[in-house]
Amino acid sequence: MNTQTRVVIATVLSLLVFIGYDYFFMPKPKHLVDQNRTVQTTVKDSKTISETTSSAIEKSVTPTQKSQTADKKLTNVIATVETSNATIEFDALGRISQVYLKDKQYRNEEGKELKLFNSPKIPKPLEIRFSDPKLNELAFKTPYTVSVSKLNIGKDKPEEIVFTQNLNGLIVEKRVKIYPDHHYDITVKLSDSKPYFISPGYRPDLRIDSYTVHGVMVEEADGTLTIIDDGDAKGTEAFRKARIAVAFDRYYATAFYDFEKGMDVVINKDAEDNPILFIKEEGSETTLHGYIGPKEYKILQSIHPELTKIIEFGWFTFIAAPMFKVLMWLHSFIPNWGWTIVALTVLIRILLYPLTYKGMVSMHKLKELAPKIKEIQQKYKGDPQKMNMHMMELYKKHKANPLGGCLPMLLQIPVFFAIYRVLLNAIELKGAEWILWIHDLSVMDPYYVLPILMGASMWLHQMVTPNNFTDPMQEKIFKWLPVIFTFFFVTFPAGLVLYWLTNNIFSIAQQLVINKMLEKHKKAE
């Protein structure tokens, strides 16, 4: 097996392993945990919070089953806030119990408004837990009063809603100023200073799938991003002066942020080792900024440019983030997201064309040398050292680079991984139509048309691409790759399949043009 073949096989196998791992082995959500469990503390390391704070969290328990049954009315909705694109419900414990998204692109398959929270997971956004266990137990049994039960927010200015709780003389006041774009300011005032923890809530669980991670992310004071996936939380960890603390799923997030003073963030875990966020507070008054809603770039950018860090693309963020910005820029000129993806693909092909051209020329040269390569392999099959020496002399004599044809493919791997993450995580594609039967680029093609066309285009690309296979078995394996890729791509979002199909079509066009150029050049000789 020559060097080029080994590189090609390694590249293809890497791609298949990446796709296969993402599809079959990414962590799946486990069964719902009993929401009445006590928060646990198990780990002590360099980032671990102090013993005093750890003990405080451990004692900050939720109500027992008995008390929760008796006080079930505390989960009833006592206030509803309407914005132009959301309905926010608050329960009798002064928490955000539910958020309904009104925009058409966020509606479910039945056309109903989406709910961000579909499980009894706790904590809820704006939930307070006191360090004093007796005070904490009383807090979970005492309802809040509210300044107004219904509040309508226009498109221009925020409105404030106030929740008040009397804990045997300790007055707790939550003043929540809500803005039209899902972000809010929360000010907590205590009549007497008591240490407590407030949470942005357990992550939204609207879109649960095996494509992307779910969990929490913290931007530390130095700008470092720490992500803890569901199932990977190890115990109580703390981050001083953190800038962002967000719990997220594929498309939605609930977050606290403070870019001036920072926050003392505590990450705990539930019974399934899923991370849970808290902000530690000790004074009699504190103000935090929060956001709850879709991870939509324009919304986050308008609130604060730093919040766009909530949109995270995994390993290839350094490529995916700028690529996503280019995608957004193209969409400012092309209103249809499907054609925007096509335009991005064309742009990538143009940028990579010089290297693609060199690679295709190298493959043509290697194809012409294939008989001589096979002759050398047969002649020196018992002496690998001599075989390699004569093959290198052959390459040098004809100015052929055995790796030249692999370079474009190698460059495609990080680009593909990056675009893979962009198109999976971009909520902008949710509900976005392309043409005819494609009504949502974020979900699979319901009629499998795009995956089949993608597989056919991959096969056609193989037919027009010169190769120098000297082993019939290797050639047969490569001929089956379009079928294998079609199988993997069947359940992928239509936007991602559209990218790969467009990439194949332009690869075929480039290959045909270069083939003709080389044929003319050969005849001229």
Side-chain angles (χ1 to χ4, degrees), residues 32-41 52-81 88-99 117 119-150 161-176 186-202 236 254 256 266 268-271 276-286 288 290 292:
L32 298 180
V33 64
D34 180 0
Q35 63 173 328
N36 301 310
R37 288 186 63 90
T38 301
V39 180
Q40 299 295 319
T41 302
T52 304
T53 305
S54 295
S55 176
I57 297 179
E58 191 170 351
K59 293 176 182 177
S60 297
V61 296
T62 60
T64 63
Q65 184 66 44
K66 182 178 178 181
S67 66
Q68 195 164 57
T69 302
D71 299 324
K72 192 174 181 180
K73 62 183 181 180
L74 294 179
T75 61
N76 292 339
V77 175
I78 64 168
T80 303
V81 176
I88 304 171
E89 295 179 344
F90 292 83
D91 64 18
L93 290 175
R95 309 176 301 184
I96 296 176
S97 58
Q98 192 56 266
V99 176
F117 305 104
S119 77
K121 292 269 192 175
I122 56 170
K124 300 292 185 183
L126 308 189
E127 181 173 308
I128 289 178
R129 299 187 183 185
F130 288 96
S131 296
D132 183 334
K134 292 183 178 179
L135 182 61
N136 190 64
E137 186 176 358
L138 178 62
F140 274 95
K141 293 179 179 179
T142 307
Y144 280 78
T145 59
V146 64
S147 60
V148 57
S149 59
K150 289 188 179 296
I161 186 169
V162 181
F163 298 87
T164 307
Q165 186 183 46
N166 189 335
L167 302 177
N168 289 343
L170 176 66
I171 306 300
V172 181
E173 181 183 85
K174 295 180 183 176
R175 306 185 74 89
V176 187
I186 168 73
T187 299
V188 179
K189 293 182 180 180
L190 305 181
S191 59
D192 185 19
S193 180
K194 300 284 184 181
Y196 66 91
F197 303 88
I198 184 169
S199 177
Y202 188 83
T236 303
T254 176
F256 281 153
V266 179
N268 217 277
K269 69 172 185 174
D270 63 13
I276 302 174
L277 283 172
F278 296 94
I279 307 299
K280 183 177 181 293
E281 298 292 347
E282 294 182 346
S284 59
E285 180 175 344
T286 186
L288 292 168
I292 184 167

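No experiment lies behind these values; they were computed from the predicted model shown. We number each residue from 1, following the sequence as shown.
In this structure, a donor-acceptor pair under 3.5 Å is absent between the side chains of Thr80 and Glu89. In summary, the side chains of Thr75 and Asp91 do not present any donor paired with an acceptor at a separation below 3.5 Å, with no hydrogens or angles considered.
Using cut-offs of 30° and 60° for the angle between ring planes, the Phe163 and Phe90 rings count as tilted.
A donor-acceptor pair under 3.5 Å is formed between the side chain of Gln98 and the backbone N or O of Phe117. No side-chain donor-acceptor contact under 3.5 Å links Glu127 to the backbone of Ile198. In this structure a side-chain-to-backbone donor-acceptor pair under 3.5 Å is missing from Lys150 to Val81. No side-chain donor-acceptor contact under 3.5 Å links Glu281 to the backbone of Thr286. Of the possible polar contacts, none joining the Ser97 side chain to the Val77 backbone as a donor-acceptor pair under 3.5 Å is found. Looking only at distances, a side-chain donor or acceptor of Thr254 sits under 3.5 Å from a matching main-chain atom of Pro200. The backbone N or O of Gly94 sits less than 3.5 Å from a side-chain atom of Lys174, completing a donor-acceptor pair. Counting only distance, with no hydrogens or angles, the side chain of Ser284 and the backbone of Ser193 share no donor-acceptor pair below 3.5 Å.
To the nearest 0.5 Å, the span separating OG on Ser191 from CD on Glu285 amounts to 12.5 Å. For the atom pair NZ (Lys134) and CG (Leu167), the distance works out to 15.0 Å, reported to the nearest 0.5 Å. The OG1 atom of Thr142 sits 8.5 Å away from atom CG of Leu93, with the distance rounded to the nearest 0.5 Å. Ile78 contributes atom CD1, which lies 7.5 Å from atom OG1 of Thr145 (distance to the nearest 0.5 angstrom).
Across every non-hydrogen atom of Ile161 and Ala79, the tightest pair is CD1-CB, 3.6 Å. Scanning both residues, Pro143 and Leu74, for their nearest heavy atoms gives CB-CD2, 3.4 Å. When all heavy atoms of Ile96 and Ile292 are compared, the closest pair comes out as CG2-CD1, 4.5 Å.
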Worked check of side-chain contact (heavy atoms from CB on, under 4.5 Å) between Ile186 and Val188: CA-CA 7 Å; Ile186 168 73; Val188 179; 4.0 Å; yes
Test side-chain contact (heavy atoms from CB on, under 4.5 Å) on Val266 and Ile279; report intermediate values, then the result. CA-CA 6 Å; Val266 179; Ile279 307 299; over 6 Å; no
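Between Ile171 and Thr164, the closest side-chain pair of non-hydrogen atoms falls below 4.5 Å. By the 4.5 Å heavy-atom criterion applied to side chains, Phe130 and Leu138 are not counted as neighbours. Taking the side chain as every heavy atom from C-beta outward, Pro123 and Phe278 approach each other to under 4.5 Å. Between Lys269 and Ile276 the shortest side-chain heavy-atom distance does not fall below 4.5 Å. Residues Tyr196 and Val172 are not in side-chain contact: their nearest non-hydrogen atoms beyond the backbone lie 4.5 Å or more apart. Put simply, the side chain of Asp270 reaches to within 4.5 Å of the side chain of Lys121, judged on heavy atoms. The closest side-chain heavy-atom distance from Leu126 to Phe256 is below 4.5 Å. Put simply, the side chain of Arg129 reaches to within 4.5 Å of the side chain of Ile122, judged on heavy atoms.
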